[in-house]
Student: 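I have a structure I would like to understand better, so I am pasting it below and will then ask my questions one at a time.
Counting convention: from 1, in listed order, for ligands and their atoms alike.
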Amino acid sequence: MNANSALSEHASVVVIGGGVMGCSTLYHLAKLGVSDAILIERNQLTSGTTWHSAAQVRALRSTKNLTDLIRYSVDLYSKLEEETGQATGWINEGSLSIATNKERMTHIKRQESLAQMFGVKAQSISRDEALERWPLMNVEDVLGAVWSPDDGRVSPSDLCAAMVKGAKSNGAKIFENTGVSGVLTEAGKIIGVETDKGEVRCDAIALCTGLWSRKAAQMAGVEIPVWPCEHFYLLTKPIDGISGNMSTLSDHDSHLYIRDDSGGLLVGCFEPMGKAIDPDTLGEDFAFGLLNEDWDHFEPMMINALHRLPVLETAEVKMLLNGPESFTPDGSFLLGEAAETQGLFLGCGMNSVGVATGGGAGMALAQCIVDGEMPMDLHEADPKRFPDCFNSVELLSSRVPEVLGKHYEITFPARQWVRARNIRQTPLHEKWVDAKAHFGQFYGFERPLYFDKTEEPEMTFGKPTWFDQVGREVANAHERAAIFDQSTFGKILVSGLDAESFLNRVCANDMNRSPGRAIYSAMLNENGGIKSDLTALRLTEESYRLYVGTVALKHDLAWLRRHLGDDERVTLTDQTDDYAVLGLMGPDASEIANKVSAGELNELRYFQHGEAIIAGTRVRGVRLSYVGEAGWEITCRSSDALSVYNALNAAGAHPAGVFAQSSMRIEKRFLAYGHDMDTDNTPIDVGLDFAIAWDTPFMGRDALLKISEKPKPTMIASILLNDNLVFPLGNEPVYLQGKIIGKTTSAAFGYRVGKPVALASLSTDAIGSVVEVDIAGERYRGEVCLTSVFDPDGARMRGPEKSAQCQ
Ligand SMILES: Cc1cc2nc3c(=O)[nH]c(=O)nc-3n(C[C@H](O)[C@H](O)[C@H](O)COP(=O)(O)OP(=O)(O)OC[C@H]3O[C@@H](n4cnc5c(N)ncnc54)[C@H](O)[C@@H]3O)c2cc1C
């Protein structure tokens, strides 16, 4: 392909890598009118991981947008032949996923509910019906299954050939046997690539280099957390009982996926702990290559396979295929622009769903390159979600085998990673260890989820084993005073003569407030979509400190840097590790402030901040609360955190964890980014209108103005559930009169109201209604209200029973 033609000297976009991600991105760039885009592949198209993929395409994912990417793929793969004349080998025989234990059944029921909400066909079926669909299967331990008729599989090489044909017909060019050996940048922006055939100048790069992406990104000065594991499937010779194409069969409890292959069986696995492999050991000429068979490693999976498919006892094995595939520390791929280098777009780390997702992911990446924004919110795949510490080879090679192993595990609430822990700790970590904290990892940081852990928490969809501990922490925060460790907030100092005008451009609220004031604001894109939300403390005329979400730091810093004009006198400084933040909350907070001689804090009004001295060190308290109880978020130097904590603790405040905080913020109807809002929402949809300063020139204002003229289609409401023995998790469909009218976005047990509470994105006509929330296939009634279900001050006046209602 273009083998003899000279390499282009210039291309608007250079796609590096000719696997499914590169081919799809090129196809979509060309479709979007980037007719001079080129793809550079150092070996041959598909020769990396794509050629040997099992290429199953199963649509249902944990979020609607991830599911939609695959649904887009399904649609594309079934239509490409018509467009290009090249078949893709799309086979639509559906997929069957079985359950062999109670928790998996619950998981399956939850999946079915999700499918209904996303408009994906999926139906739970009985063991006998499952057997009818897969007669070779041993069903003695099968409890039920879910059947998804729209799923299928594709021929990965044919698919890439079709996408390349489509791309070329729109002007794109392919250069095989051409290795990219360097990336050219100027002032932090991409300007070209160096190859073994010469230089190509370009404005953007789509880095689709599969398992080699870590090294490839380093050429552009960017570190990314992608590392491969070995991935196995067994192939047999033809077997009696297999004729024609069958559905794919997943037995996740046995870590297996199964499908027919040329009249035989293909049995692949995501074993509980994978095997990492150093990509450097493969070499650059690893084309159409495979790794050595490892029967010892595969043996436990073989035992599972023999149990599920007794016919394997007599089947003749063709080979145990072992191919490398890349993984990331959280099991989701990297899609979007890198934080460090403008114009470097990543489309890699596909975590074993590259073929299924490739069509949609290539479309989204191409659109992001052309428009500067993803077509939908894909924060789960944003490359900026990882802290730098995850780029270490040691951590990656420790974590990714677990990521492979968890691919088929039930996603229980509050499930945690076991490997690559204790990378980052807050200054109070030792205290939390002493207080028997159970930790969760957020942006690499260990945060206490709850205290007084007595045993490893049981993984369950039912009543959590930490229920009572969290209840005690909430009661303490509500009746006395609690300390929440909020030190993991991202902290960005914005300073300089133009700090105010700059922030007024990127923030939707009015940032022109006097020093000593705090401001809550969203940052919006040009479409009015919420990119992030933050609290800013105006420190001086020329400086603000922004407190952003723990996982948002890299994203928000990159967003601010991108929108800073060359002539603006503003400096952005990451102060995250310099400061600790302790949330002192509860009715005794005021007295505790007096006891520690920080009575000045009591003079502050809501959203005011000021200095005080606690334990001989200078702190800054801001009067606000994310849990609804009165108090302050107190910032101090990280090195002083221990003495400040000790003083507050001695004065009567006790630690409370993330679970207590979540429960309380949901009761108080405070939103969390990534749950209750994201780029698909505007502040108007989610009720943040109060934080829009219409008379300031903020980005996204024009789009918001237009939106504000139309009736609101959705809103974020609270739902107070009637049944206090049910445990909603968020992302559940909400029904009104038999029709889905929205979904829960966050949920928790509300200890102060004694009932489960959810926040939900609902159509506006649901206000005041009684709705039903579908939790694992059962419907539970709940009352909808636009305000919080709990108002601590009101409750104190009226007594707790009366407060368990919409305020
Ligand atoms: C055994 C196995 C079974 C699988 N089964 C499934 C499945 O059922 N369903 C599914 O969705 N996914 C499956 N996958 C995963 C899927 O195959 C991958 O996610 C996908 O193929 C990755 O595609 P890619 O384009 O990201 O990478 P690759 O296909 O590896 O493409 C990357 C390309 O970049 C090139 N390259 C690298 N560096 C350079 C450079 N410097 N210059 C030029 N070119 C360069 C490489 O030569 C390579 O061709 C499976 C994977 C394996 C290993």
Student: Using the ring centroid of each side chain, check whether H52 and F288 are separated by less than 6.0 Å.
Tutor: no

Student: Ligand 1 and G22, any nitrogen or oxygen pair closer than 3.5 angstrom?
Tutor: no

Student: Does even one non-hydrogen atom of F232 get within less than 4.0 Å of ligand 1?
Tutor: no

Student: Does C348 come within less than 4.0 angstrom of ligand 1, counting non-hydrogen atoms of the residue?
Tutor: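 So C348 does not count as touching ligand 1.
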
Student: Any side-chain donor-acceptor pair under 3.5 Å between T328 and N351?
Tutor: yes

Student: By number and element, which atoms of ligand 1 are closer than 4.0 Å to a non-hydrogen atom of C208?
Tutor: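 Selected atoms, number and element: 32 (C), 33 (C), 34 (O).
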
Student: Using a 3.5 Å cut-off on N or O atoms only, is V355 in polar contact with ligand 1?
Tutor: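 For ligand 1, there is an N or O atom that lies under 3.5 Å from one belonging to V355.
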
Student: Which ligand 1 atoms does I40 reach within 4.0 Å, using its non-hydrogen atoms?
Tutor: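 Answer, ordered by atom number: 43 (C), 44 (N).
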
Student: Would you say ligand 1 has an N or O under 3.5 Å from any N or O of M219?
Tutor: no

Student: Write out the residue and atom name of the closest protein heavy atom to atom 6 (C) of ligand 1, then the distance separating them to 0.1 Å.
Tutor: S53 OG, 3.1 Å

Student: For the CE atom of M273 and the CG atom of L404, what is their distance to the nearest 0.5 Å?
Tutor: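 Reported value, rounded in 0.5 Å steps: 9.5 Å.
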
Student: Could you check atom 49 (O) of ligand 1 against the protein and tell me its nearest heavy-atom contact, residue, atom and distance included?
Tutor: E41 OE1, 2.7 Å

Student: Among all protein heavy atoms in this structure, tell me which lies nearest to atom 21 (O) of ligand 1, with the distance rounded to 0.1 Å.
Tutor: T50 OG1, 2.9 Å

Student: Based purely on interatomic distance, does T178 place a nitrogen or oxygen under 3.5 Å from a nitrogen or oxygen of ligand 1?
Tutor: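 Checking ligand 1 against T178, no N or O pair falls under 3.5 Å apart.
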
Student: For E325 and ligand 1, does the shortest N/O to N/O distance drop below 3.5 Å?
Tutor: yes

Student: Give yes if a backbone or side-chain nitrogen or oxygen of V20 is under 3.5 Å from a nitrogen or oxygen of ligand 1, and no if not.
Tutor: yes

Student: So, Y257 versus H407, ring centres under 6.0 angstrom or not?
Tutor: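 No, ring centres 6.0 Å or more apart.
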
Student: Do you see a donor-acceptor pair shorter than 3.5 Å between the side chains of S124 and E112?
Tutor: yes

Student: Using side-chain heavy atoms (C-beta onward) and a distance below 4.5 Å, is M137 in contact with I258?
Tutor: no

Student: Any atoms of ligand 1 less than 4.0 Å from a non-hydrogen atom of G323? List them with their elements.
Tutor: 53 (C)

Student: Which residue owns the protein heavy atom closest to atom 4 (C) of ligand 1, what's the atom, and how far is it?
Tutor: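 Nearest protein contact, heavy atoms only, for atom 4 (C) of ligand 1 is A54 N, 3.4 Å.
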
Student: Decide whether an N or O pair under 3.5 Å exists between R42 and ligand 1.
Tutor: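 Yes.
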
Student: Begin from the C-alpha positions of S254 and N304 and carry the test side chain to side chain donor-acceptor pair (under 3.5 Å) through to its verdict.
Tutor: CA-CA 6 Å; S254 305; N304 291 353; 4.7 Å; no

Student: Could you identify the single nearest non-hydrogen protein atom to atom 42 (N) of ligand 1 and state the distance to 0.1 Å?
Tutor: V180 N, 3.0 Å

Student: What do you reckon, does S352 put a non-hydrogen atom under 4.0 Å from ligand 1?
Tutor: yes

Student: Evaluate T357 for polar contact with ligand 1, using N/O atom pairs at a separation under 3.5 Å.
Tutor: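 No; every N/O pair is 3.5 Å or more apart.
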
Student: At what distance is the nearest protein heavy atom to atom 36 (N) of ligand 1, and which residue and atom is it?
Tutor: T209 CG2, 3.8 Å

Student: Does P324 come within less than 4.0 angstrom of ligand 1, counting non-hydrogen atoms of the residue?
Tutor: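 The answer is yes: ligand 1 sits under 4.0 Å from a heavy atom of P324.
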
Student: Which atoms of ligand 1 sit under 4.0 Å from any heavy atom of G17?
Tutor: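 Matching atoms, with element in brackets: 33 (C), 34 (O), 35 (C).
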
Student: Within a distance under 4.0 Å of any heavy atom of Y233, pick out the atoms of ligand 1 and give their elements.
Tutor: 1 (C), 3 (C)

Student: Parallel, tilted or perpendicular for F286 and W212, by the 30°/60° rule?
Tutor: tilted

Student: Please list the nearest protein heavy atom to atom 52 (C) of ligand 1 with its residue and the distance rounded to 0.1 Å.
Tutor: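 It is H231 CD2, 3.4 Å.
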
Student: Which ligand 1 atoms does A356 reach within 4.0 Å, using its non-hydrogen atoms?
Tutor: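 Matching atoms, with element in brackets: 10 (C), 11 (O).
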
Student: Are the side chains of S62 and E380 in touch, meaning some heavy atoms are under 4.5 Å apart?
Tutor: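 In short, these two side chains do not touch, never coming nearer than 4.5 Å.
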
Student: Between Q218 and E223, do the side chains contain a donor N or O and an acceptor N or O under 3.5 Å apart?
Tutor: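 Q218 and E223 do have a side-chain donor-acceptor pair below 3.5 Å.
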
Student: For N292 and N322, which I'm curious about, is there any donor-acceptor pair between the side chains at under 3.5 Å?
Tutor: no

Student: List ligand 1 atoms under 4.0 Å from Y257, heavy atoms only on the residue side.
Tutor: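 That gives atoms 3 (C) of ligand 1.
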
Student: Please indicate whether any nitrogen or oxygen in L211 is less than 3.5 Å from any nitrogen or oxygen in ligand 1.
Tutor: no

Student: Can you confirm, on distance only, whether ligand 1 has an N/O atom lying under 3.5 Å from any N/O atom belonging to Q56?
Tutor: yes

Student: Looking at atom 28 (P) of ligand 1, what's its closest protein heavy atom, distance included?
Tutor: T49 N, 3.5 Å

Student: Which ligand 1 atoms does M21 reach within 4.0 Å, using its non-hydrogen atoms?
Tutor: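 Result: 25 (O), 26 (O).
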
